Structure formats: structure tokens, C-alpha cells
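Chain identifiers are assigned alphabetically (A, B, ...) following the order of the sequence lines, protein sequences preceding nucleic acid strands; residue numbering begins at 1 within each chain. Small disclaimer: the values here were computed from a predicted structure and weren't measured.
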Amino acid sequence: MFSSYHEHPTNIQFEGQDEDEKITLLLRSHPITNLSWILWALFLMFLPVFLPAVIFALGFGNPFDLPSAYYSGFLVINYLLTTVIIFEGFLYWYFNVYIVTNKRVIDITFTSLLLKNVDLAPLENIEEANSSITGFLGTIFNFGNVAIQTAGANIAIHMIKIPNPVKVADFILDRTKNNAS
Amino acid sequence: MLAELIAPIIKLGILIILVIYSIFALLIVKQVDNMSKTLRTPISPLVRAISIIHAGVAVGLIVLMFGALND
């Protein structure tokens, strides 16, 4: 359910899916790419624990002298921010997907709160799929990018930080019409 | 004296942040709705429920903090 590499997933449908269209591969960014927002969330979660001590140590007085309602207000705002970082981080990771079906490759990207971008590339138009693994984390956890090129166009779909990029590029090329025939 | 001057500003600041957060939480409900329609998965209803509860809590906290800060 939370896999970032899922072959032939069941119980998953996407908007615009044809009746005879089957999902053969569902991809998300590698889970380790969530580390940045997880670290921010942890920092904010523990901020109220160490911030008063830091303020006191720096000689700005005791922050607990504030009326308790004000202190509660700051705590509420802090934990609301933590909640939204966790929730939004999860949403962007979970719903930004790359789908390979028996007909096409689809890139569904939500770039901001209300902005959705969907790129489609029919399998018969795909000419090239190039994979690359870069960086320290990419090498250790085996994730990277796959660039899919279609006939007469620049890169049509760019899969970013997906697991097993070499395997994915091969998976897609194996299903293109040119290679199948 | 200074504390009496600053106190209402802090109160207003906290309430304004909570109001902005609530608007943001309502936008997240719309965003999750949009996401769930685009990709239907077994956890889509759960995510949608969490977004609605989250927005409800955000709105409720405005009332709660308004009462707490005026005590």
C-alpha cells in the first residue's frame, strides 16, 4: 500500500483510466526522499522542549513567566505546523506517482496546494528511456531518475528519485511497441 | 506597562495565525479531494477523513484559543 515500487497493483485506479487499461507499474519517489520533511517535523516537535532552556541560558529571562494561555497559544501553533508538515509531506509523496499501464506512461504531479500536472506518453511513441543514479543517498539506497523520450519531442516524462531506475527503464522499454514487435 | 501593551498584540497575532491556518486547512481538504479523485487507492477515504478532521480541529482551536486568551 505504501510501496514506492509496485508491479501490477490492485485496488488502484487513476482519473481517465480506460476500461481495458491495466496498471503494470506504480512508482513513487524513494521513501528516503521524505527524510527532509521528517527531520523538520522532528525539530519542530521537540522545539518546545529545548527552546525555553536556550532562551533562559541566553539570559532573556524565564519564558515560563508568560501567562499560561500565551504559552499554550505558541504550543498550539507549533504543533499545528508540525501536523501540516507531516500531512503535506505524506500527501505529496503518496499522490505524486508515475504509472505505467499497458497503453501509456503517466506522470501525476501535484506541485502546489491546488496545482495538478498530468503528463501522458503513449507506449508506442516511446523511443528511449535513460536512467541515472547520482549522489550519496542515491547510490546507497539505489534510487535515481528516469528520462523518457518520445518520438519528435524532448523528454516527455521525467521520473525523479524513483527506486530501481535501471530496472524501471528496462521495464518500460520492454513494453514499448517497437521492442515488442 | 510594556507587558500590558504587548499582550493584546500577541493575542491578536496568535488568533490571526490560527485563522490563516484554518483557511489553509480548508484548502488542504480541497487538495486531498482533488488528489483522491486523481488517484483512487484503498487509503484515499482515510486520508480524506483525516483532512476533514484536521480542518475541524483547526477551526475549533480558534474558538478555544479566543476563549483561553480572553480569560
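Side-chain contact between A/Leu80 and B/Leu18 is present, with heavy atoms from C-beta onward closer than 4.5 Å. In this structure, A/Leu91 and B/Ile28 have side chains that are in contact, with non-hydrogen atoms separated by less than 4.5 Å. Contact check for B/Met35 versus A/Tyr92: side-chain heavy atoms found under the 4.5 Å cut-off. Under the 4.5 Å side-chain criterion, counting only non-hydrogen atoms from C-beta, B/His54 is in contact with A/Thr83. Two residues are said to be in side-chain contact when any heavy atoms from C-beta on lie closer than 4.5 Å; B/Asn34 and A/Phe95 fail this criterion.
B/Lys11 NZ: more than 12 foreign heavy atoms inside a 6.0 Å radius. Residue A/Phe46 qualifies as open at atom CZ: its count of foreign heavy atoms under 6.0 Å is 12 or below. The environment of CH2 in A/Trp40 is sparse: at most 12 heavy-atom neighbours from other residues, nucleotides or ligands sit within 6.0 Å. Heavy-atom contacts from other residues, nucleotides or ligands closer than 6.0 Å to CZ of A/Phe136 number 12 or fewer.
In this structure, the portion of A/Ile99 lying under 4.5 Å from any heavy atom of chain B is its side chain and not its backbone. With a 4.5 angstrom heavy-atom cutoff, B/Ile17 touches chain A only via side-chain atoms. In this structure, chain B has no heavy atom under 4.5 Å from any part of A/Gln17. For A/Ser112, the part lying under 4.5 angstrom from a heavy atom of chain B is the backbone only. Contact of A/Tyr94 with chain B is made through backbone and side chain together, with heavy-atom distances under 4.5 Å.
When each of B/Leu61, B/Val57, B/Ile43 is scored by its heavy-atom pairs under 4.5 Å with chain A, the top score falls to B/Ile43. The candidate with the highest count of non-hydrogen atom pairs below 4.5 Å against chain B, out of A/Val76, A/Val118, A/Leu81, A/Val84, is A/Val84. For chain A, the option among B/Leu39, B/Thr38, B/Leu15 with the highest count of heavy-atom pairs below 4.5 Å is B/Thr38.
If you chain together hydrophobic residues whose side chains sit under 4.5 Å apart, A/Met45 and A/Phe50 fall into the same group. There is no path of hydrophobic side-chain contacts, each under 4.5 Å, that joins A/Ile133 to A/Ile32. When hydrophobic clusters are built by joining Ile, Leu, Val, Met, Phe, Trp and Tyr residues whose side-chain heavy atoms come closer than 4.5 Å, directly or via intermediates, A/Ile86 is grouped together with A/Ile77. Note on A/Val166: it does not cluster hydrophobically with A/Val105, by side-chain heavy-atom contacts below 4.5 Å among ILVMFWY residues. By the rule that hydrophobic residues join a cluster once side-chain heavy atoms approach within less than 4.5 Å of another member, A/Tyr71 and B/Leu69 end up as members of one cluster.
Taking both residues in full, the closest heavy atoms of B/Lys37 and A/Glu15 are given as O-CB, 3.8 Å, listed atom of the first, atom of the second, then distance. Minimum interatomic distance between B/Val47 and A/Phe87 (heavy atoms only, all atoms of both residues): O-CZ, 3.8 Å. A/Asn11 and B/Pro42 get closest at one heavy-atom pair: O-CD, 3.4 Å.
Within the model, atoms CD of B/Gln31 and CG of A/Leu115 stand 10.5 Å from one another, a figure rounded to the nearest 0.5 Å.
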